[in-house]
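Below you'll find the structure, written out as structure tokens, and then a few comments.
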Amino acid sequence: APKAPSAGPPELELDAALALQRDLLVAFASEEFQSSLREVCAASAGDSKNLRIERQKLILGVQSQVLPKHGFEGSAMGVMHMLRLFGSPALAASEEVQRIGVEIDGLLQARAPEATD
């Protein structure tokens, strides 16, 4: 039987991993994304299940644009493949990969809209 097409490259070198992280960081830091994230948070008003689902859709929307530029499928399968590669010992040991990962995680935290009074 023919092998199913891969959702991404078989491995990720450190410089390629950092380039991918930087592109995701820029996209998640954009005012457009942050504004949409605040809207999702406000619209979910305490419904944590709905918040999780809508937040995930929003994040995947960005990932589906960024991942193909780095050789990954722009899908949930591509995201899982990317995350698996980031778990490799070489990348997990990189302080810079870890630092950017923490920055990205911070940008993905759903927050209530800022009070403007």
Side-chain angles (χ1 to χ4, degrees):
K3 216 170 79 134
S6 169
E11 58 187 49
L12 203 54
E13 298 295 325
L14 180 59
D15 57 348
L18 290 170
L20 169 54
Q21 277 189 309
R22 287 187 191 108
D23 282 356
L24 287 170
L25 186 66
V26 166
F28 290 137
S30 74
E31 183 48 44
E32 181 185 0
F33 177 83
Q34 290 297 313
S35 174
S36 297
L37 185 59
R38 286 189 297 269
E39 286 170 20
V40 161
C41 186
S44 296
D47 180 348
S48 61
K49 183 178 180 196
N50 185 60
L51 175 60
R52 244 188 348 269
I53 291 167
E54 293 304 316
R55 181 176 158 269
Q56 202 54 47
K57 280 190 216 166
L58 193 60
I59 292 168
L60 183 59
V62 169
Q63 292 167 327
S64 69
Q65 299 294 307
V66 174
L67 267 62
K69 297 175 187 168
H70 296 273
F72 290 91
E73 206 176 89
S75 66
M77 183 73 89
V79 171
M80 286 193 313
H81 187 79
M82 171 195 68
L83 292 174
R84 201 167 42 246
L85 292 181
F86 271 95
S88 74
L91 296 183
S94 163
E95 283 185 25
E96 190 164 7
V97 166
Q98 296 305 315
R99 184 185 59 73
I100 296 172
V102 167
E103 263 189 86
I104 289 172
D105 286 346
L107 290 169
L108 299 181
Q109 298 311 307
R111 293 175 198 82
E114 302 293 316
T116 53
D117 49 32

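All values derive from a computational prediction rather than experimental measurement.
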Spacing of [atom1] belonging to [X] relative to [atom2] belonging to [Y], to within rounding of 0.5 Å:
X	Y	atom1	atom2	value
Arg84	Leu91	CZ	CG	13.5 Å
Phe86	Leu20	CZ	CG	4.5 Å
Met82	His70	CE	NE2	10.5 Å
Lys69	Asp23	NZ	CG	6.5 Å
Ser64	Ile59	OG	CD1	12.0 Å
Gln56	Leu51	CD	CG	10.5 Å

Q.
Tell me which pairs pass ring-ring contact (aromatic ring centres under 6.0 Å, His included) where either residue lies in residues 48-67, with sequence neighbours left out.
A. none
Only counting residues at least two apart or in another chain, list the ones meeting side-chain contact (heavy atoms from CB on, under 4.5 Å) with [X].
X	result
Glu95	none
Ser36	Leu58
Gln98	Ala92

Q) Can you name the residues that form a salt bridge (charged side-chain N to carboxylate O under 4.0 Å, His left out) with Glu32, not counting sequence neighbours? A) none
Q: With sequence neighbours left out, write down each residue that passes salt bridge (charged side-chain N to carboxylate O under 4.0 Å, His left out) with Arg99, or none if nothing qualifies.
A: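 Checked Arg99 against salt bridge (charged side-chain N to carboxylate O under 4.0 Å, His left out); matches are Glu96, Glu103.
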Q) Sub-3.5 Å donor-acceptor pair from the side chain of Arg55 to the main-chain atoms of Leu108, do we have one? A) yes
Q.
Strictly distance-based, threshold 3.5 Å: is any side-chain N or O of Ser88 a donor or acceptor partner for the main-chain N or O of Leu85?
A.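 Flag set: sc Ser88 to bb Leu85 pair under 3.5 Å.
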Can you name the residues that form a side chain to side chain donor-acceptor pair (under 3.5 Å) with [X], not counting sequence neighbours?
X	value
Asp47	none
Lys57	Glu54
Arg52	none

Nearest heavy atoms of [X] and [Y], plus distance in Å:
X	Y	result
Gln34	Ala29	CG-O, 4.0 Å
Ala76	Leu60	N-CD1, 3.9 Å
Ile104	Gln21	CD1-O, 3.6 Å
Pro68	Gln63	CD-O, 3.9 Å

Q.
Let me check something: do Leu107 and Leu83 share a hydrophobic cluster, defined by ILVMFWY side-chain heavy atoms less than 4.5 Å apart, either directly or through other members?
A. yes
**Q.** pair Leu67-Leu24: side-chain heavy atoms closer than 4.5 Å
**A.** yes
Please list, one pair per line, the donor and acceptor atoms closer than 3.5 Å that link side chains of residues 12-19 to other protein atoms, with sequence neighbours excluded.
none

**Q.** ring pair (Phe, Tyr, Trp, His ring centres under 6.0 Å) against Phe28, all qualifying residues, sequence neighbours excluded
**A.**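 For Phe28, the residues satisfying ring pair (Phe, Tyr, Trp, His ring centres under 6.0 Å) (neighbours in sequence not counted) are Phe33.
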